[in-house]
Number of protein chains: 2
Amino acid sequence: MVDVAREAGVALRTVSRVVNGDSTVGPGLAARVHAAIAALDYRPDERARQLRSGVTGTLGAAVRQLSHVNPVLRAVERAARDAGLMVLAASTEDDEELERRVVESMCRRRFDGIILEPIGTDHGYLIPELAAGLSLVAVDRPVLGLDVDCVLSDNVAGIQAAYSHLAERGHRRIAYIGDDERIYTAQERATAFRACAAASGRAVDSMAHTGPIERGRIRAAIAAVLDGDSPASAIITGNATISVEVLRELGAAAGKVAVIGFDDSELATLLRPDLTVIAQDDRTIGGTAVDMLRARIAEPDRPVRRVTVPVELVARGSGEIPPAW
Amino acid sequence: MVDVAREAGVALRTVSRVVNGDSTVGPGLAARVHAAIAALDYRPDERARQLRSGVTGTLGAAVRQLSHVNPVLRAVERAARDAGLMVLAASTEDDEELERRVVESMCRRRFDGIILEPIGTDHGYLIPELAAGLSLVAVDRPVLGLDVDCVLSDNVAGIQAAYSHLAERGHRRIAYIGDDERIYTAQERATAFRACAAASGRAVDSMAHTGPIERGRIRAAIAAVLDGDSPASAIITGNATISVEVLRELGAAAGKVAVIGFDDSELATLLRPDLTVIAQDDRTIGGTAVDMLRARIAEPDRPVRRVTVPVELVARGSGEIPPAW
DNA sequence: GCCGGTTGAGATAACGTTATCCCGAAAGGT
DNA sequence: ACCTTTCGGGATAACGTTATCTCAACCGGC
């Protein structure tokens with residue numbers, strides 16, 4: 001910048017004014033400065049600008065896997081863009097240690113705020129950051145043990161809707177195959193399922209199968225649920241990946257048993273019959289997360305809010321298969 | 001930092017030494033400084049550190065859609081992490097203007113280098129950045145008109161492999177349904193297909209259908225190719241999204257016509273028969289991109305390299321369906 | 001001819017770090 | 001007792017910006 005000033009024969013401050021489009025600089029000087037900028041390949045340094053001016057205009061997004069389908073992240077990017085903010089994202093890979101490194105790195109860069117899909121149970125490292133003024137909104141799962149803004153889907157209502165949908169169509173034996181219950185959403189959905197089953201007076205244990213997503217486990221769960229003297233006539237799955245694996249294992253039998261999947265996906269309309277799903281409102285979740293983050297940035301001491309976004313049951317066929325008597 | 005120094009009763013420079021784990025500071029003083037850091041909720045400012053020290057340790061990734069499946073990005077993140085670099089990513093949304101904003105923003109932040117999935121045809125805005133020392137590697141598509149490092153899949157060999165695979169199994173009428181040819185890879189694949197068809201002495205035009213991904217267009221293309229007096233017995237698709245749409249439209253007819261899809265995906269083993277695909281070597285593409293970027297950062301004047309990564313035909317069933325005579 | 005207001009532009013001091021240079025004291029050798 | 005090392009630590013000056021203050025010149029009005 002000092003070189004540009006010398007080249008243009010003006011003061012340092014005038015170069016800054018030109019770069020920032022300050023109107024108090026005459027057109028002649030501005031042209032000289034622009035010429036000097038082009039001649040010297042001058043690039044302004046955002047870090048120095050932020051350091052001096054104090055504004056960053058940047059949001060961080062720490063999500064499980066950047067390279068996976070993540071409609072919430074898409075909504076976050078869109079909402080942030082509409083608000084004139086830039087989003088820089090990184091993956092946490094479902095690794096607590098990596099999550100910590102990513103978030104701390106974003107803090108050191110003084111991002112205005114962070115949207116986090118939290119993993120694991122120990123978020124103690126956040127305490128000093130929050131004390132030092134970090135604005136944070138958790139998405140999809142709460143930050144356990146810490147009073148932090150968050151936006152969640154209504155998992156319980158989703159499972160209830162699926163269960164009722166099936167029960168109303170005459171299903172008496174409804175099974176649930178879900179993800180590892182160490183994951184918050186998986187635990188919440190499985191618990192909701194067990195409550196539904198218990199409320200309708202049925203044996204719970206034989207119908208709820210949860211654990212890590214492995215082909216062998218899914219196959220065993222399906223076998224346990226469909227074989228035997230009183231087989232299930234309907235299956236609710238715990239998330240999109242489980243849905244894929246269950247449908248893969250069911251194969252030709254997919255038309256014989258009712259299936260409702262948690263999470264919508266492009267697969268849902270590829271299969272025959274199309275998959276009935278409990279769809280999360282990703283647009284609303286992402287948009288709300290950005291709104292809440294901006295509100296917290298503007299007013300750090302505002303009360304913590306926990307927002308639950310409704311889900312929607314989308315009937316497409318697989319959930320409307322009647323029980324085989 | 002100056003507050004911490006005062007609190008601990010040491011010089012500013014000593015706080016910096018402690019934060020950076022400099023061994024020349026005595027354990028007693030270090031403990032005092034750490035206590036002061038904790039007491040004052042001091043967070044080091046990465047921007048100031050970078051400004052002074054000159055090192056950022058950060059790579060930018062500008063990809064089409066963060067929230068879509070992108071195995072290359074995953075490989076990039078992994079390789080960068082192994083090299084001790086942080087990756088911050090943003091979406092370009094297939095929008096030239098947004099790509100420019102994202103890349104320029106990363107430049108102003110002085111990221112060490114950028115990995116870019118370039119879109120569109122006009123990358124003139126990159127010229128001054130490159131002149132000013134930007135390290136950049138293009139992935140999946142080249143930066144048209146500019147001599148820039150890039151890592152590409154061997155699209156031509158992939159199409160040739162698919163065509164031969166089908167021809168060897170007796171298919172005489174092979175069709176291609178691809179993406180909009182304004183997209184580089186789509187154009188390259190379509191051209192390769194036409195060359196294959198011409199080489200085997202067949203009419204080309206009626207068998208190659210390209211254009212934007214819209215359900216109506218795909219349906220019309222399939223109808224044009226399968227109906228009529230000499231219907232195609234095999235279809236090659238131009239990318240994963242086209243594969244999904246083609247299979248959706250084929251429906252029950254999917255078992256009657258051979259299909260080879262470009263790009264592997266989790267869908268491929270969900271359908272019956274499983275989908276034969278031309279799989280890109282995402283791991284190698286991502287890893288190579290990071291290697292090349294690091295090499296260019298280390299040696300800005302090294303000659304530009306264009307690397308083509310082989311693809312692999314994975315036979316799973318759908319590509320081995322014999323022609324129906 | 002003087003005064004108040006506007007307008008264009010320079011000087012200087014931050015922002016929060018680290019690099020460089022320097023110094024005092026303790027340790028070790030003759 | 002003196003000289004040299006080594007080591008712990010301080011003072012000061014950058015890094016590339018912008019905020020704040022200042023100042024000169026110009027202009028119209030009375």
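A note on names: the letters A, B, ... follow the listed sequences, proteins ahead of strands, and every chain is numbered from 1. For clarity, every value in this text was computed on a predicted model and none was experimentally measured.
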When you check the side-chain N and O atoms of [X] and [Y], is any donor under 3.5 Å from an acceptor?
X	Y	value
B:E188	B:Y184	yes
B:R17	B:T14	no
A:H123	A:E99	yes
A:N239	A:D263	no
A:T58	A:D112	no

Hey, which sits more toward the 5' end of DNA chain D by its nearest nucleotide, B:R17 or B:R110?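 It is B:R17, whose closest nucleotide lies nearer the 5' terminus.
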
Tell me what [X] touches on the nucleic acid: a base, only sugar-phosphate, or nothing, going by heavy atoms under 4.0 Å.
X	answer
A:S16	base
B:V10	sugar-phosphate
A:R47	nothing
A:R43	sugar-phosphate
B:L29	sugar-phosphate

B:L51 or B:R13: which one's nearest nucleotide on DNA chain C is closer to the 5' end?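 Its nearest nucleotide being more 5', the pick is B:L51.
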
Rounded to the nearest 0.5 Å, what separates atom CE in A:M86 from atom CZ in A:F111?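 One gets 8.5 Å once the value is rounded to the nearest 0.5 Å.
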
Tell me: CE of A:M1 to P of D:dA19, nearest whole Å?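 A:M1 atom CE is separated from D:dA19 atom P by 11 Å.
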
Mind checking which nucleotides bracket the chain B contacts on DNA chain C, 5' to 3', with an atom under 4.0 Å from a heavy atom?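 Endpoints of the contacted stretch of DNA chain C: C:dG16 to C:dT20.
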
